[in-house]
Amino acid sequence: MPELPEVETMRRDLDKEVVGRRVKSVEATGLRTIRRHKTKKNFTSKLEGRKITGVERKGKYLLLKLDDGNLLVVHLGMSGQLLRAKSAKEPTLKHTHVVLNFTQGGQLRYVDPRTFGELFVTQPDELAHEVPELAHLGFDPLEDVMSWTKFGDMLHEKKTKLKPLLMDQRFLAGIGNIYADEILFAAGLRYDRDSNSLTAQEIRRLYRAMVETLQDAIKHRGSSLADEQYRDIFGEVGDFQSQHKVYDREGEPCRRCRSPIARVKTGGRSSFLCEQCQV
DNA sequence: CGATCTACCTGATGGC
DNA sequence: TGCCATCAGGTAGATC
């Protein structure tokens, strides 16, 4: 579910809402969400008594810094939500797997119906060998400065289709199925273009489309689709879906040329595009 | 190496 | 009303 804009929206709100708070106690229901820890106690004991000192994001991962130097790593998978509760009395949603109780009152809850997401506590210097998928993340399109010419060199080094490359977290960190389609439309490029076939102008357009689309989506607090499964930490839906040019718009007129948006299946997932505007 | 499939899960939706 | 198939913002691992 959540891609870079949704995770960044949550990061900014968490920075205001939970940084400076101390964890009094932790409730973990079941082991699946905290599967990197062998026991519940092994997870909860690393959080209890700790103060949260900062919140960072790497790609789609949230990293909550603790005052003992450790990190609480959160990956939301397809259906994970972090929700700020002002008190324990607020009704608990089904599929609530982890609850952090703060000393000053209030909670942070992790809810995840499909349980693809996970939480774990680790030491920063052990990230590299304990969490290879995080250590091997590609560059973050908003955090890491890169010239479009360097970006072009990286595209030319790969011999793969454009969309899978944009979504490859080891190449670029944070882009998923929605934003890959939106970025490709904004750049006027098809999902199945060979990454080493782009002209200098197309590379520049793609780089610009990537940065602008992601920034725009953050301004709109991310995308919530029909099921409204993406919610921010206050339980509110995002607004960027109203700005989508192609994603989930099969058969609707292209906002640029009026021809119907097409939907194709590739690699088991849907891609949306305008056959006229994307070449 | 790249492309494609499978598995991990629950829940919503649509056809019959 | 129910039953079944299909689909969903992610990722890793197997296979060809």
Side-chain angles (χ1 to χ4, degrees), chain A residues 1-11 29-36 57-62 73-82 93-97 110-120 130-138 154-184 191-197 213-214 217-218 220-232 236-244 246-251 263-272:
Chain A
M1 168 228 315
E3 305 181 31
L4 188 152
E6 291 77 30
V7 179
E8 178 62 19
T9 299
M10 297 172 75
R11 189 198 68 75
T29 313
L31 277 172
R32 182 162 162 77
T33 295
I34 53 169
R35 51 191 171 271
R36 298 203 193 211
R57 178 187 60 75
K58 284 193 183 299
K60 300 172 192 172
Y61 290 83
L62 281 169
V73 181
V74 181
H75 192 285
L76 301 161
M78 287 282 265
S79 57
Q81 296 179 5
L82 277 177
L93 289 175
K94 202 176 170 185
H95 305 296
T96 299
H97 305 304
Y110 181 72
V111 181
D112 188 0
R114 294 178 73 182
T115 68
F116 292 171
E118 61 171 329
L119 275 63
F120 59 90
E130 282 193 1
V131 197
E133 65 272 35
L134 191 44
H136 297 157
L137 278 184
M154 291 170 63
L155 287 173
H156 282 166
E157 281 167 18
K158 299 280 182 179
K159 294 189 186 79
T160 176
K161 303 295 182 191
L162 207 43
K163 179 171 175 182
L165 186 57
L166 293 180
M167 292 174 65
D168 180 349
Q169 302 301 299
R170 287 165 303 181
F171 181 75
L172 260 175
I175 296 172
N177 207 33
I178 292 179
Y179 294 102
D181 280 0
E182 292 299 318
I183 289 165
L184 287 167
Y191 64 97
D192 55 357
R193 277 289 293 277
D194 286 319
S195 61
N196 59 1
S197 75
T213 300
L214 295 172
I218 293 169
H220 285 86
R221 301 186 61 78
S223 301
S224 298
L225 300 186
D227 60 10
E228 301 192 340
Q229 197 153 135
Y230 165 68
R231 301 280 182 144
D232 65 23
E236 301 293 327
V237 297
D239 184 40
F240 192 66
Q241 61 282 1
S242 66
Q243 309 295 313
H244 288 181
V246 287
Y247 192 86
D248 212 15
R249 295 195 66 238
E250 183 186 12
R263 173 190 189 136
V264 295
K265 279 270 183 188
T266 46
R269 16 198 17 165
S270 293
S271 291
F272 299 87

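Keep in mind it's a predicted model, so treat the numbers as computed, not measured. In what follows, chains carry the letters A, B, and so on, assigned in the order in which the sequence lines appear, proteins first and then strands, with residues in each chain numbered from 1.
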Mutual orientation of the aromatic rings belonging to A:Y247 and A:F272 [parallel < 30°, tilted 30-60°, perpendicular > 60°]: perpendicular

Please verify the inter-ring angle class for A:Y110 with A:H97; under 30° counts as parallel, over 60° as perpendicular, anything in between as tilted. tilted

On DNA chain B, compare the nucleotides closest to A:E157 and A:T115; which residue's is nearer the 5' end? A:E157

On DNA chain B, more 5' by nearest nucleotide between A:K159 and A:H95 is A:K159

A:E118 vs A:I34, test: side chain to side chain contact (heavy atoms under 4.5 Å, CB included). Steps then yes/no. CA-CA 6 Å; A:E118 61 171 329; A:I34 53 169; over 6 Å; no

From [atom1] of [X] over to [atom2] of [N], roughly how many Å is that when rounded to an integer?
{"X": "A:L134", "N": "C:dG10", "atom1": "CG", "atom2": "C1'", "value": "15 Å"}
{"X": "A:R114", "N": "C:dA8", "atom1": "CZ", "atom2": "C1'", "value": "6 Å"}
{"X": "A:R35", "N": "C:dT11", "atom1": "CZ", "atom2": "C1'", "value": "10 Å"}
{"X": "A:R170", "N": "C:dG13", "atom1": "CZ", "atom2": "P", "value": "10 Å"}
{"X": "A:F116", "N": "C:dG13", "atom1": "CZ", "atom2": "P", "value": "15 Å"}
{"X": "A:N177", "N": "C:dG10", "atom1": "CG", "atom2": "C1'", "value": "10 Å"}
{"X": "A:L166", "N": "C:dT11", "atom1": "CG", "atom2": "P", "value": "14 Å"}
{"X": "A:H75", "N": "C:dA12", "atom1": "NE2", "atom2": "P", "value": "8 Å"}

Could you pull out all residues at least two apart from A:Y230 that satisfy ring pair (Phe, Tyr, Trp, His ring centres under 6.0 Å)? none

With a non-hydrogen cut-off below 4.0 angstrom, is [X] in contact with a base, only sugar-phosphate, or nothing?
{"X": "A:S79", "answer": "nothing"}
{"X": "A:E6", "answer": "nothing"}
{"X": "A:G176", "answer": "sugar-phosphate"}
{"X": "A:L225", "answer": "base"}

Below 4.0 angstrom from OP1 or OP2 of C:dC7, is there any side-chain N or O of A:R269? no

On the nucleotide C:dA8, are OP1 or OP2 found under 4.0 Å from the side-chain N or O atoms that A:R263 carries? yes

Donor-acceptor contact below 3.5 Å, side chain [X] vs main chain [Y]:
{"X": "A:T160", "Y": "A:L165", "value": "no"}
{"X": "A:D232", "Y": "A:G238", "value": "no"}
{"X": "A:E3", "Y": "A:G59", "value": "no"}
{"X": "A:Q81", "Y": "A:V111", "value": "no"}

Take atom [atom1] in [N] and the same atom in [M], then report the distance between them in whole Å.
{"N": "C:dG2", "M": "B:dC9", "atom1": "C1'", "value": "23 Å"}
{"N": "C:dC3", "M": "B:dC8", "atom1": "P", "value": "25 Å"}
{"N": "C:dT6", "M": "B:dC5", "atom1": "P", "value": "15 Å"}

Taking atom types as modelled, is there a side-chain donor on A:K163 or A:S271 under 3.5 Å from an acceptor on the other? yes

Could you summarise the pairing of DNA chain B as dot-bracket text, marking Watson-Crick and G-U pairs under 3.5 Å with ( ) or [ ] inside the strand and | across strands? .|||||||.|||||||

Is it the case that more than 12 heavy atoms not belonging to A:R170 sit under 6.0 Å from its CZ atom? no

For a 4.0 angstrom threshold against heavy atoms of chain A, report the outermost contacting nucleotides of DNA chain B in 5' to 3' order. B:dG2 to B:dG11

